[in-house]
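Step one of this worksheet: look at the structure below.
Values reported hereafter were calculated over all heavy atoms of this structure, with side chains retained and with hydrogens, waters and symmetry mates removed.
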Amino acid sequence: MNLKLSQNFWLHTLATIFENKDFGKTLPHGKKVMVEYSSPNTNKPLHLGHLRNNFLGYSVAEILKADGYEVMKTNLVNDRGIHICKSMLAYQKFGKGETPESAGIKGDHLVGNYYVVFDKANKRQIEELVAQYQAETPNEDIEKLKEKAGKNTPLILEAQAMLKKWEEGDKETVDLWKKMNGWVYVGFDETYKTMGVNFDKIYYESNTYLLGKDLVEEGLAKGIFFRKENGSVWIDLKEDGLDEKLVLRADGTSVYITQDLGTADYKYADFPMEKSIYIVGNEQDYHFKVLFTILKKFGRNYANGMYHLSYGMVELPSGKMKSREGTVVDADDLIAEMMSIAETRTKELGKIDDFSEEEAKKLYRMLALGALKYYLLRVDPKKTMLFNPEDSIDFQGDTGVYIQFNHARIASLIRRADLLNNNYQKENYLGKAKLQDIEIELIKLLTSFPQKIKESAQEYAPSVVADFAYNVAKTYSKFYNELSVFNEPDLPTKSMRLALSSATARAIKSAMSLIGVEVPERM
RNA sequence: GUUCUCGUAGCUCAGCUGGAUAGAGCAACUGCCUUCUAAGCAGUAGGUCGCAGGUUCGAAUCCUGCCGGGAACACCA
């Protein structure tokens with residue numbers, strides 16, 4: 001009797017899940033949240049670290065949507081500054097009019113190459129300078145000489161002069177800047193498209209870098225900031241466990257924090273949000289603590305909703321990625337390699353020989369990105385993680401491809417059921433079907449989807465949803481191996497199994513879409 | 001030096017708002033394709049939860065100290 005009650009309870013639970021197309025998601029409640037992510041520099045192409053950032057940002061935005069928020073995805077592009085001038089200067093000196101078309105490489109890579117050229121040439125100049133200094137002052141500490149040389153090479157001085165020209169609006173400089181940034185944007189757009197991420201609004205630092213000076217005045221007037229004798233403006237945050245922090249230079253120019261203060265107001269005026277999430281690496285923890293503390297002191301009503309999603313670095317088995325040592329994993333290269341591996345593996349299995357080339361390519365991309373995204377998102381965002389190239393292309397076990405595979409398998413079942421006109425609406429199984437333990441386990445698991453979405457939204461942790469998807473796939477896989485759907489003689493039970501399979505497929509698809517991963521119908 | 005952060009099986013990670021025998025995957029080994037996709041399933045083996053104290057009826061989980069890894073502390077961004 002008890003058993004029967006319990007069976008019916010789970011059957012009804014299944015029916016409820018099956019009938020709710022948006023199962024797991026919260027209805028829109030109108031609250032607004034801004035998610036800022038990606039935020040690349042326009043002097044070099046995207047790398048592995050950016051991939052974690054972009055996948056996280058996109059996923060967090062999707063998860064917040066599923067939690068009922070109205071989401072504005074933004075990208076604050078760092079398109080100006082001394083580092084940009086370095087690429088520009090190197091191009092001016094050594095570029096010989098090369099273009100992405102003439103060189104046959106993506107614009108972001110081309111510009112990145114000139115950044116490297118600058119760095120190499122500059123390094124030689126540093127060595128020369130240090131040697132010169134040593135001859136002049138043999139007793140001085142070598143590290144100090146290196147530091148001094150680093151600030152005074154002819155190339156650095158030229159780059160600084162160029163930055164000044166840019167700020168003054170010098171036409172030639174600005175034109176070069178526009179041309180090269182234009183190349184980079186074409187390259188970035190291509191990479192973003194391949195990655196499957198996008199933005200609702202793009203901010204450019206060239207438009208926002210002067211913001212915040214009025215806030216300095218406001219801070220002085222409110223007595224939050226104070227001016228030192230040389231004219232520089234500071235805030236004392238010792239009571240908040242932080243130090244004194246400069247907010248305006250003695251010459252009246254802005255620093256990073258000045259700009260971010262102004263940009264915060266600017267963004268809020270654009271999109272009056274309850275929450276504002278900054279997806280930025282954990283090396284900037286201190287900066288964001290200071291930023292948020294200042295905004296709270298200013299009494300900004302949005303300040304309490306600000307959150308720095310401080311994600312950990314991605315390390316390689318050989319250690320940290322270092323551009324100087326050439327150990328940076330390029331995003332485009334990595335994705336291309338993953339696709340080629342997906343292609344090889346798929347061809348070996350030979351299950352999609354009837355696919356058109358276009359369909360096949362779409363699948364390779366889906367599998368490659370699925371593997372990569374899942375690999376990077378299954379880990380708690382806050383933690384430093386290891387990127388092991390060999391593991392990341394693994395398609396077995398706790399991987400994106402495993403989950404995709406289970407979806408494809410169910411899709412195959414459903415196709416067959418539809419072909420046979422099998423009906424699996426609840427009338428066919430409620431009160432009649434018999435549930436095995438593994439089926440109850442699966443239904444229970446599906447039931448937890450809404451709370452998993454809530455949890456991942458509250459923690460800003462896509463890993464929670466990723467883990468859910470994996471567990472569903474794993475449990476389904478077990479069910480699939482233990483019990484047969486089409487060979488089940490009891491018709492109500494057969495219907496129930498089809499409904500359960502269908503509900504599972506939808507949960508997998510839905511959860512995977514929250515981490516930005518598509519699932520195939522066949523693979 | 002100060003502050004932050006991490007330390008769970010050989011490796012990569014879950015678990016951490018305290019609760020019973022600490023879970024996956026990879027790698028190793030053993031089985032399973034004439035039945036719905038084997039990119040799969042089942043099983044074996046593998047752990048003093050960095051160390052030492054403390055709080056508690058109870059600690060991987062909370063507190064303190066130590067050890068070890070990473071990071072941040074510019075009139076850089």
In short, Tyr203(A) meets Thr74(A) closest at the heavy-atom pair CE1-CG2, 3.7 Å

- [ ] For residues Phe292(A) and Phe288(A), establish whether the separation of their ring centroids is below 6.0 Å.
- [x] yes

Margin query: Other residues, nucleotides and ligands only: do more than 12 of their heavy atoms fall within 6.0 Å of NZ on Lys164(A)?
Written below: no

Among U37(B), C73(B), C36(B), the one nearest any side-chain atom of Phe405(A) is U37(B)

Practice task
For nucleotides G46(B) and U64(B), find the distance between their P atoms and express it as a whole number of Å.
Solution key: 36 Å

| query | Taking the C1' atom of each, how far is G18(B) from C62(B), in whole Å? | reply | 8 Å

Between CD of Glu459(A) and C1' of A14(B) the distance, given in whole Å, is 14 Å

- Which part of the nucleic acid, if any, lies within reach of Glu521(A) when heavy atoms closer than 4.0 Å are counted: base, sugar-phosphate only, or nothing? base

Separation between the P atoms of A59(B) and U17(B), rounded to whole Å: 15 Å

From the list Met523(A), Lys509(A), Arg409(A), side-chain contact (heavy atoms from CB on, under 4.5 Å) partner of Gln404(A) resolves to Met523(A)

Whole-Å C1' distance, C66(B) and A27(B)
34 Å

Q. Just checking Val379(A): base, sugar-phosphate only, or nothing, at a heavy-atom cut-off of under 4.0 Å?
A. sugar-phosphate

Among the nucleotides G70(B), C13(B), A38(B), whichever has the atom closest to the side chain of Glu315(A) is G70(B)

Walking RNA chain B from its 5' end, the first of Ser232(A) and Arg522(A) to be reached, judged by nearest nucleotide, is Arg522(A)

Problem set entry | Phosphate OP1/OP2 of A14(B): any Lys383(A) side-chain N/O under 4.0 Å | yes

Closest of A77(B), G40(B), U37(B) to the Lys351(A) side chain is U37(B)

From the candidates A71(B), U12(B), A77(B), the one with an atom nearest any side-chain atom of Lys320(A) is A71(B)

Among C76(B), U37(B), G25(B), the one nearest any side-chain atom of Arg415(A) is U37(B)

What does Asp380(A) touch in the nucleic acid at a heavy-atom separation under 4.0 angstrom: a base, only the sugar-phosphate, or nothing?
sugar-phosphate

**Prompt:** Between the main-chain N or O of Glu390(A) and the side-chain N or O of Asp394(A), is there a donor-acceptor pair closer than 3.5 Å?
**Reply:** no

From the candidates A38(B), A39(B), C76(B), the one with an atom nearest any side-chain atom of Arg249(A) is C76(B)

Whole-Å distance, Ile410(A) CD1 to C36(B) C1', equals 12 Å

_Please determine whether a side-chain nitrogen or oxygen atom of Tyr402(A) lies at a distance below 4.0 Å from atom OP1 or OP2 of C41(B)._
yes

When rounded to whole Å, the CD to P distance for the pair Glu390(A) and A27(B) reads 11 Å

(message) Regarding Ile82(A), tell me which of base, sugar-phosphate or nothing describes its non-hydrogen contacts under 4.0 Å with the strands shown.
(response) nothing

In whole angstroms, the gap separating P of C6(B) from CG of Asp285(A) amounts to 10 Å

With syn meaning chi within 90° of zero and anything else anti, the base of C32(B) is anti

Of the candidates U37(B), A42(B), C13(B), the side chain of Ala408(A) sits closest to U37(B)

| Tyr209(A) ring centre to Arg80(A) NZ or CZ under 6.0 Å, with the angle to the axis within 45°? | yes

Looking only at A72(B), A39(B), G25(B), the nucleotide nearest the Arg345(A) side chain is A39(B)

Pairing partner of A45(B), by Watson-Crick or G-U wobble and under 3.5 Å for both distances, is none

Less than 6.0 angstrom separating the ring centers of Tyr278(A) and Tyr37(A), yes or no? no

query = Within the structure shown, what part of the strands sits under 4.0 Å from Glu205(A) by heavy-atom distance: base, sugar-phosphate, or nothing?
reply = sugar-phosphate

Worksheet item: Under 4.0 Å: is that the gap between some side-chain N or O of Arg378(A) and OP1 or OP2 of G25(B)?
Response: no

Base, sugar-phosphate, or nothing: which does Ile341(A) touch, judged by heavy atoms less than 4.0 Å apart? nothing

Expressed as a whole number of Å, how far does the C1' atom of A71(B) sit from that of U61(B)? 24 Å

Atom NZ of Lys494(A) and atom C1' of C36(B) are separated, to the nearest Å, by 10 Å

Against the side chain of Asn481(A), the closest entry in A72(B), G40(B), A38(B) is G40(B)

Sugar-phosphate only, base, or nothing, as touched by Val401(A) at under 4.0 Å among non-hydrogen atoms: base

Contact class for Asn41(A) (heavy atom, under 4.0 Å): base, sugar-phosphate, or nothing? nothing

Note: for Leu386(A) and Met523(A) on RNA chain B, the residue whose nearest nucleotide lies more 5' is Leu386(A)

- Query: Any donor-acceptor pair under 3.5 Å between the side chain of Asn487(A) and the base of U35(B)?
  - Reply: yes

If pairing means Watson-Crick or G-U wobble with both distances under 3.5 Å, then the partner of G53(B) is C63(B)

note: His287(A), atom NE2; A71(B), atom C1'; distance rounded to Å ~ 16 Å

- Query: If we take the P atom in both C33(B) and A45(B), what is their distance in whole Å?
  - Reply: 24 Å

task: Determine the Euclidean distance between corresponding P atoms of C26(B) and U35(B); express it in Å to zero decimal places.
output: 24 Å

Atom OH of Tyr470(A) and atom C1' of G40(B) are separated, to the nearest Å, by 12 Å

- Reckon Lys474(A) touches a base, only the sugar-phosphate, or nothing at all at heavy-atom distances under 4.0 Å? sugar-phosphate

task: For Ser310(A), report the nucleic acid contact type (base, sugar-phosphate, nothing); a contact means any heavy atom under 4.0 Å.
output: nothing

Sugar-phosphate only, base, or nothing, as touched by Phe395(A) at under 4.0 Å among non-hydrogen atoms:
base

Between the SG atom in Cys85(A) and the CG atom in Leu155(A), the distance rounded to the nearest 0.5 Å is 12.5 Å

The Watson-Crick or G-U wobble partner of U34(B), with both key distances under 3.5 Å, is none

Give a yes/no answer on whether the side chain of Lys289(A) brings an N or O atom under 4.0 Å of OP1 or OP2 in C73(B). no

Heavy-atom nearest pair, Phe188(A) first then Leu46(A), reads CE2-CD1, 3.5 Å

Regarding the side chain of Ser412(A), the nearest nucleotide among C13(B), C36(B), C41(B) is C36(B)

* Below 4.0 angstrom from OP1 or OP2 of C41(B), is there any side-chain N or O of Ser477(A)? -> yes

Separation of C73(B) atom P from Phe288(A) atom CZ, nearest Å, is 13 Å

message: Measuring only the P atom in each nucleotide, how far is U30(B) from G68(B)? A whole number of Å is fine.
response: 42 Å

request  = Would you please test Phe405(A) and Phe395(A) for ring-ring contact (aromatic ring centres under 6.0 Å, His included) and show each step?
outcome  = CA-CA 10 Å; Phe405(A) 168 72; Phe395(A) 291 167; over 10 Å; no

